[in-house]
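None of the values given here were measured: they were computed from a predicted structure. Throughout, protein chains are lettered first and strands after them, A, B, ... in sequence-line order, and every chain is numbered starting at 1.
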There are 2 protein chains.
Amino acid sequence: MAEDSRARLDRLYREMRQRICLLDWPPGARLSETELAAEFGTSRTPIRRALARLEDEGLLQSLHGVGTLVTDVDREEMARTYALRMELAELVGRLSPAPVTPAILARLDGFRDRAERLTLQPDARHFAQLNMDFFDFGLSLTENAALRETSERLYYRTARIWLQQIAALDLAEECDTFRAEVDETARALRAGDPMAAALVRRAHISMSARRLAPGD
Amino acid sequence: MAEDSRARLDRLYREMRQRICLLDWPPGARLSETELAAEFGTSRTPIRRALARLEDEGLLQSLHGVGTLVTDVDREEMARTYALRMELAELVGRLSPAPVTPAILARLDGFRDRAERLTLQPDARHFAQLNMDFFDFGLSLTENAALRETSERLYYRTARIWLQQIAALDLAEECDTFRAEVDETARALRAGDPMAAALVRRAHISMSARRLAPGD
DNA sequence: AACGGCAGAGTTGTGCACAACCTGCGAAGG
DNA sequence: CCTTCGCAGGTTGTGCACAACTCTGCCGTT
């Protein structure tokens, strides 16, 4: 059975979003629809469909006659987006929190393992990837679809600035902080307290914003 | 000077969104890209670009070989979206509230006039239009762009259910309630208290949700 | 030397033809 | 009468050619 066109769109979209957020395509990079079409083995049409979504979400900007550019995120936009993300993180605990199942606790164990390994061998890119995966996990803690979509959109909107500024941060300390967040989240959820887990998340988003934009 | 392609996309997008939310295209309606292209005087390509955005926002669904269908909103999704919208309305007052300028108060006077006229001659469609305009006005009360975009997205996602259920509501009472909201908002903003205006908004979204989904 | 303009290459936007697909109808066969 | 098959019509998805546009580098002029 051939791949559904909707599934292919989703695959292209996620792949490109990943490349943007992992800085394979850094802010300012110029993409070529023709080259992308060649790389993904299709014509420009499906590529343009995926690029359109990324443009609507603010990760790309297409300029006629120039090219498709990866956008940058300025400090002010970042600060405001983080302020909103903090509130949304808390809402994950307050609106339709999902029941804590054994499957969720098992996934948490997986994250604890990965976080542990990361502290032993810090690596910025692996951290960024782990952070994304942990974010996706966090979305499963609410049954409110609108809240999930909104949080996801905002997260990926600013996800890349961490990697952009990693040189100015202490990677080992970042890894430690992340492991602490996973541990605290596990503690809260094992206690059957999703609201506490949400507050842990909010606290870490807040601290992350301060580390990324000192002085604001 | 000819129209920019970005401006045309925006025009098409808003026009179609309007038609969906005013039930010119009711849920389940089947659109034809060819017909739309003929009506708007272009080829299918720009039409498809606008339809793609509407599909990504959940207002449309394209099915290969079938057509492009206007989606419906079920009770559960509505309830959760409203719950989130209530919280976001409050955040408009808490995160980066915009300074209350004379221009804002002047716009409010305009809304009071329109609301007054509406109570004298109730009309569902005019009300829906006025409600949208007042919503857009409310967005100008925060300087947080992420919050604005998110609120807008969620609003238009469920805006049409009011018109869908108007037969089961008391139109005159709805108009009265709306006029009261405008008056209360004006009172709060004239007092220089954006947070109070935000709480008024939250209260009215809450009451609206109850009227639309009694028993939840 | 500085400036203007022109041509060329490269990019995104648009239009069109066709492929892939779904639905409904009608006729043939049970 | 009921079922099933096939076909015709219409729809969205894809590919391709060209239009519209931008940038760069070069050349001629001042």
Side-chain angles (χ1 to χ4, degrees), chain A residues 1-20 23-72, chain B residues 1-20 23-72:
Chain A
M1 171 177 163
E3 185 184 34
D4 187 285
S5 71
R6 196 184 319 266
R8 176 168 71 168
L9 163 63
D10 210 57
R11 188 171 55 81
L12 290 175
Y13 165 74
R14 287 175 184 278
E15 171 64 26
M16 295 184 188
R17 186 179 67 178
Q18 182 98 336
R19 291 186 186 185
I20 292 170
L23 302 189
D24 297 327
W25 293 343
R30 209 181 88 233
L31 313 179
S32 160
E33 297 178 354
T34 309
E35 287 177 18
L36 290 173
E39 176 186 347
F40 289 104
T42 72
S43 75
R44 281 176 57 211
T45 309
I47 298 291
R48 284 177 60 77
R49 177 66 181 86
L51 293 177
R53 181 183 287 185
L54 290 165
E55 184 173 7
D56 288 339
E57 303 206 339
L59 272 60
L60 293 178
Q61 182 186 16
S62 289
L63 295 179
H64 192 180
V66 179
T68 302
L69 308 176
V70 178
T71 60
D72 204 350
Chain B
M1 171 177 164
E3 187 184 35
D4 188 284
S5 72
R6 197 184 319 266
R8 176 168 72 167
L9 163 63
D10 211 56
R11 188 171 54 82
L12 290 175
Y13 165 73
R14 288 175 184 276
E15 170 64 26
M16 294 183 188
R17 187 179 68 177
Q18 182 98 335
R19 292 187 186 185
I20 292 170
L23 302 191
D24 296 327
W25 295 341
R30 210 182 86 233
L31 314 178
S32 161
E33 297 178 353
T34 309
E35 287 178 18
L36 290 173
E39 176 186 347
F40 289 104
T42 73
S43 75
R44 281 176 56 210
T45 309
I47 297 292
R48 283 178 61 79
R49 178 66 182 84
L51 292 176
R53 181 182 288 184
L54 290 165
E55 183 173 7
D56 288 340
E57 303 205 340
L59 272 60
L60 293 178
Q61 182 185 16
S62 289
L63 295 179
H64 192 181
V66 179
T68 303
L69 308 177
V70 178
T71 59
D72 204 349

Check your understanding: Which whole-number value in Å describes the distance from A:Gln61 CD to C:dG13 P?
Key -> 11 Å

Exercise for review: Starting at atom CG of A:Leu60, determine the distance to atom P of C:dT11, rounded to an integer number of angstrom.
Suggested key: 16 Å

Point to revise | Partner residues of B:Arg19 under the side chain to side chain contact (heavy atoms under 4.5 Å, CB included) criterion, sequence neighbours left out | key: B:Glu15, B:Asp24, B:Trp25, B:Glu39, B:Phe40

Review point. So which of residues 7-15 of chain A are in contact with DNA chain C, with a heavy-atom cut-off of under 4.0 Å?
Key: none

Review point. Do A:Glu33 and A:Arg44 meet the salt-bridge criterion of a basic N to acidic O distance under 4.0 Å?
Key: yes

Practice item. Check step by step if side-chain contact (heavy atoms from CB on, under 4.5 Å) holds for B:Glu57 and A:Asp56. Key: CA-CA 10 Å; B:Glu57 303 205 340; A:Asp56 288 339; over 6 Å; no

Point to revise | Contact pattern, 5' to 3', of nucleotides 4-12 of chain D - B, S or - by protein heavy atom under 4.0 Å | key: ------BBB

Check your understanding: Is a salt bridge present between B:Asp10 and B:Arg6, judged by a nitrogen-to-oxygen distance below 4.0 Å?
Key -> no

Review point. Looking only at N and O atoms, is any donor in the side chain of B:Thr45 or the base of C:dG15 less than 3.5 Å from an acceptor on the other one?
Key: yes

Check your understanding: For A:Glu55 and C:dG13, what is the distance between atoms CD and P respectively, to the nearest whole Å?
Key -> 7 Å

Check your understanding: Does the pair B:Glu3/B:Arg11 count as a salt bridge with the N-to-O cut at 4.0 Å?
Key -> yes

Practice item. Take A:Val70 and A:Leu60 through the test side-chain contact (heavy atoms from CB on, under 4.5 Å) and record every step on the way to the result. Key: CA-CA 5 Å; A:Val70 178; A:Leu60 293 178; 3.9 Å; yes

**Study point:** Heavy-atom check, side chain of B:Leu36 versus side chain of B:Met16, under 4.5 Å
**Key:** yes

Study note, to complete from the structure: Separation of C:dT23 atom C1' from B:Leu69 atom CG, nearest Å, is 13 Å

Review point. What is the distance from CG of B:Asp4 to P of C:dG13, rounded to the nearest Å?
Key: 10 Å

Exercise for review: Round to the nearest Å and state the distance from B:Arg6 atom CZ to C:dT12 atom P.
Suggested key: 13 Å

Check your understanding: Between the main-chain N or O of B:Leu31 and the side-chain N or O of B:Thr68, is there a donor-acceptor pair closer than 3.5 Å?
Key -> no

